[in-house]
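What follows is a short report on a single structure.
Just so it is clear: chains get the letters A, B, ... in the order the sequence lines come, proteins before strands, and each one is counted from 1.
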Amino acid sequence: MPFTLATWNINSVRLRADLVADLCRAEAPDILCLQECKSPVDKIPFETFEALGYTHSIARGQKGYNGVAILSKLPMEDAGHFDFAGLDQARHVAGRLDDGTLIHNFYVPAGGDVPDRERNVKFGQKLDFVEEMRTHFGGSRPERSILVGDLNIAPREDDVWSHKQLLKVVSHTPVETEALTAAQEAGGWVDVTRKDIPEGQLYSWWSYRSPNWDAADKGRRLDHIWASPDIAGSAGGSRILRHVRGWEKPSDHAPVFATFDL
DNA sequence: ATGGTTGACGTTCAA
């Protein structure tokens with residue numbers, strides 16, 4: 001069964017419901033995973049997405065912050081959620097397709113500004129969250145599974161505009177990139193985007209604080225699509241829709257796409 | 001050395 005999967009940090013699903021609809025009309029992903037919905041579940045405009053064929057949805061939300069949702073044209077059942085690091089925040093939800101394929105949608109904590117857990121509680125929570133991803137997937141190694149989301153870490157040197165200048169910037173510090181790589185390896189996860197696009201600079205996020213984001217191009221690859229090793233061979237077609245970052249009133253993240261033929 | 005922008009909420013926090 002072939003399908004197209006996308007992940008997008010939408011930065012308010014209510015403010016940008018029209019952008020979600022535009023993306024769905026233009027690219028027609030079968031499954032769209034959203035992060036930073038910033039909305040209680042009962043205020044997400046699911047009817048807008050149902051009208052476009054996304055008749056199945058699973059979401060977790062809270063007022064104002066965080067929030068994750070999976071919109072799907074394919075039948076999907078709720079497969080539960082994690083509350084890593086004991087934060088009691090809506091940062092993960094999982095769905096299961098009819099063929100048993102499991103889809104994890106994560107929103108990893110951003111971690112604040114100071115990359116030191118002694119001085120910044122949020123950074124410690126981020127490291128704890130990623131460490132729990134490692135212990136979980138190391139303990140029950142994923143099969144027939146896909147993991148996507150805003151992981152808020154750019155692991156490779158070519159996942160940021162300047163490796164050297166970002167070594168002490170949260171999202172690219174060695175303690176973070178090593179923790180994310182450890183979590184990936186613990187589960188045997190294959191980085192699908194980098195399997196398909198192994199060479200060159202690749203970004204999915206550009207700060208709002210740069211007025212000329214496109215020309216300056218000081219991006220980072222924070223959004224990821226991983227596959228368990230048994231199905232990684234069926235993944236392909238990766239792309240990051242950079243032009244979406246240039247839409248009117250955009251999210252600061254661009255959507256990341258891949259296809260699977262399971 | 002530190003500002004720059006955005007969103008939700010409510011007169012500030014998080015990203």
Side-chain angles (χ1 to χ4, degrees), chain A residues 7-23 33-45 48 59-69 83-92 105-117 119-130 148-155 159-162 164-173 175-177 179-180 203-224 242 244-256:
Chain A
T7 179
W8 193 14
N9 178 316
I10 191 62
N11 188 18
S12 175
V13 71
R14 282 184 278 168
L15 188 69
R16 299 196 166 84
D18 289 345
L19 293 194
V20 173
D22 288 346
L23 182 77
C33 297
L34 300 172
Q35 303 88 33
E36 264 203 285
C37 298
K38 290 185 171 178
S39 172
V41 171
D42 61 7
K43 292 188 175 176
I44 296 174
T48 301
R60 290 185 62 230
Q62 60 185 88
K63 187 178 177 182
Y65 301 103
N66 310 313
V68 285
D83 181 29
F84 289 158
L87 298 175
D88 195 27
Q89 297 174 345
R91 294 185 175 277
H92 170 265
N105 182 15
F106 275 100
Y107 175 49
V108 171
D113 290 330
V114 180
D116 176 356
R117 69 186 308 156
R119 294 199 290 144
N120 170 16
V121 172
K122 291 182 188 305
F123 192 71
Q125 291 171 341
K126 180 179 195 176
L127 295 180
D128 291 345
F129 192 101
V130 177
V148 310
D150 177 3
L151 305 185
N152 264 315
I153 297 172
D159 290 336
V160 294
W161 66 274
S162 169
K164 193 174 175 182
Q165 291 181 75
L166 288 172
L167 274 170
K168 292 181 179 177
V169 174
V170 173
S171 72
H172 193 62
T173 64
V175 65
E176 290 171 88
T177 58
L180 188 67
Y203 316 136
S204 65
W205 174 88
W206 295 261
S207 172
Y208 284 130
R209 299 179 192 181
S210 177
N212 55 339
W213 70 272
D214 196 18
D217 201 21
K218 293 184 174 180
R220 308 176 200 170
R221 187 172 72 103
L222 305 180
D223 304 275
H224 300 268
R242 180 187 175 108
V244 171
R245 178 62 178 79
W247 284 357
E248 193 168 343
K249 293 274 283 178
S251 167
D252 45 354
H253 294 252
V256 181

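- Annotation: salt bridge (charged side-chain N to carboxylate O under 4.0 Å, His left out) contacts of A/Asp116 (sequence neighbours excluded): A/Arg119.
- Scanning for ring-ring contact (aromatic ring centres under 6.0 Å, His included) contacts around A/Tyr65 gives an empty result, with sequence neighbours left out.
- Comparing A/Asp113 and A/Pro250 by the nucleotide of DNA chain B whose heavy atom lies nearest to each, the residue mapping closer to the 5' end is A/Pro250.
- Using a 4.5 Å heavy-atom cutoff, the side chains of A/Leu222 and A/His253 are in contact.
- Of the possible polar contacts, none joining the A/Asp128 side chain to the A/Ala85 backbone as a donor-acceptor pair under 3.5 Å is found.
- Nucleic acid contact for A/Arg91: sugar-phosphate only, since backbone atoms but no base atoms lie under 4.0 Å from a heavy atom of the residue.
- Among A/Arg220, A/Arg245, A/Arg221, the single residue meeting the side-chain contact (heavy atoms from CB on, under 4.5 Å) criterion with A/Trp205 is A/Arg220.
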For nucleotides 1-4 of chain B, list the nitrogen or oxygen atoms of the protein found under 3.5 Å from its nitrogen or oxygen atoms, one pair per line.
{"unit_1": "B/dG4", "atom_1": "O6", "unit_2": "A/Arg209", "atom_2": "NH1", "d": "3.3"}
{"unit_1": "B/dG4", "atom_1": "N1", "unit_2": "A/Arg209", "atom_2": "NH1", "d": "3.1"}

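- Here OG1 of A/Thr7 is found 7.5 Å from CG of A/Leu34. Values are rounded to the nearest 0.5 Å.
- Residues satisfying the ring-ring contact (aromatic ring centres under 6.0 Å, His included) test with A/Phe129, not counting sequence neighbours, are A/Phe84.
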Can you give me the N/O atom pairs linking the protein to nucleotides 8-12 of chain B at distances under 3.5 Å, or say none if there are none?
{"unit_1": "B/dA8", "atom_1": "OP1", "unit_2": "A/Ser12", "atom_2": "OG", "d": "2.2"}

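- Residue pairs satisfying the salt bridge (Lys or Arg N to Asp or Glu O under 4.0 Å) criterion with at least one member in residues 209-218 of chain A, sequence neighbours excluded, are listed as follows: A/Asp214-A/Arg242, A/Asp217-A/Arg242.
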